[in-house]
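The structure under discussion appears below in the form of structure tokens.
Here, residue 1 is the first one in the sequence, and each next residue gets the next number.
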Amino acid sequence: MTTFERIKKVSKERGLTLKQVAEKSGMSTNAIYRYNQGVNPKYDSLRAIANTLGVTVEYLTGETSDTDKKKQVDLADNDVIMTFEGRPIPPEDIELMKRLLRGGRNDK
């Protein structure tokens, strides 16, 4: 599987289009599509995409397998897109999860 195919696969799992991933990664709208046309992505671009999708750069480049693609994220990190079953989790639901993890306290 190519880097482009991995990005496309994970984007779909997260409920995002490639254009959305590119924009959230600070890239031009069609930047990711160029990877399917033989353009090799720069490491900084891959790192931005990996951060947007919540995977490692090594997963996107094929250095690790599907079982290694997930990375640890913190619920307090507002720059991470949290998803469940491919759909983004609304901010109010994330706040509810935080409150439950605090034992029902509404501390911030």
Side-chain angles (χ1 to χ4, degrees):
M1 187 180 298
T2 66
T3 298
F4 174 80
E5 291 168 335
R6 286 177 184 266
I7 294 169
K8 186 175 178 180
K9 177 182 176 218
V10 178
S11 298
K12 186 175 181 179
E13 290 172 0
R14 303 289 190 265
L16 299 168
T17 66
L18 293 177
K19 286 184 179 187
Q20 289 172 318
V21 172
E23 289 171 352
K24 289 177 186 287
S25 301
M27 303 164 68
S28 66
T29 324
N30 294 314
I32 296 173
Y33 290 103
R34 288 188 217 118
Y35 303 157
N36 197 30
Q37 300 167 346
V39 174
N40 290 324
K42 295 180 180 177
Y43 181 81
D44 289 341
S45 299
L46 282 178
R47 186 176 58 212
I49 294 167
N51 287 337
T52 298
L53 295 174
V55 298
T56 62
V57 172
E58 292 77 19
Y59 171 75
L60 293 179
T61 59
E63 295 174 42
T64 59
S65 67
D66 282 345
T67 57
D68 296 329
K69 75 177 180 180
K70 296 190 176 157
K71 68 177 187 177
Q72 185 175 353
V73 295
D74 190 336
L75 274 176
D77 186 351
N78 293 326
D79 292 330
V80 175
I81 301 168
M82 303 291 258
T83 63
F84 180 71
E85 295 180 343
R87 292 176 297 219
I89 299 172
E92 58 272 12
D93 289 350
I94 291 174
E95 287 304 316
L96 176 61
M97 289 188 295
K98 289 177 186 178
R99 194 169 60 222
L100 289 170
L101 291 169
R102 288 185 200 109
R105 297 185 325 271
N106 201 12
D107 304 345
K108 292 223 176 189

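For Arg14 (side chain) and Leu53 (main-chain N/O), a donor-acceptor pair under 3.5 Å exists by modelled atom type. Side-chain N or O atoms of Glu23 include none that pairs as donor or acceptor with a backbone N or O of Gln20 at under 3.5 Å.
Contacts of Lys19 classified as salt bridge (Lys or Arg N to Asp or Glu O under 4.0 Å), with partners at least two apart in sequence or in another chain: none. Every residue meeting the salt bridge (Lys or Arg N to Asp or Glu O under 4.0 Å) condition with Arg47, not counting sequence neighbours, appears here in chain and number order: Asp44.
Summarising the geometry, atom CZ belonging to Arg34 is positioned 12.0 Å from atom CZ belonging to Phe4; distances are rounded to the nearest 0.5 Å. To the nearest 0.5 Å, atoms CD1 (Ile89) and CE (Met97) are separated by 4.0 Å. To the nearest 0.5 Å, atoms NZ (Lys9) and OH (Tyr59) are separated by 4.0 Å. The CG atom of Asn40 sits 11.5 Å away from the OG atom of Ser45 when rounded to the nearest 0.5 Å. Going from atom CZ of Arg6 over to atom OG of Ser11 covers 13.0 Å, rounded to the nearest 0.5 Å. Rounding to the nearest 0.5 angstrom, the gap separating the CG atom in Leu46 from the OH atom in Tyr35 is 6.0 Å.
Using a 4.0 Å cut-off between charged side-chain N and carboxylate O, Lys8 and Glu5 make no salt bridge.
Neither side chain, Thr3 nor Thr61, offers a donor N or O lying under 3.5 Å from an acceptor on the other.
Lys98 places a side-chain heavy atom less than 4.5 Å from the side chain of Ile94. Inter-residue side-chain proximity for Lys12 and Thr17 is flagged as unmet; no heavy-atom pair is nearer than 4.5 Å.
The cluster map of Ile, Leu, Val, Met, Phe, Trp and Tyr, joined by side-chain heavy atoms under 4.5 Å apart, puts Ile49 and Tyr43 in the same cluster.
Thr29 approaches Ala22 most closely through the heavy-atom pair O-CB, 3.7 Å.
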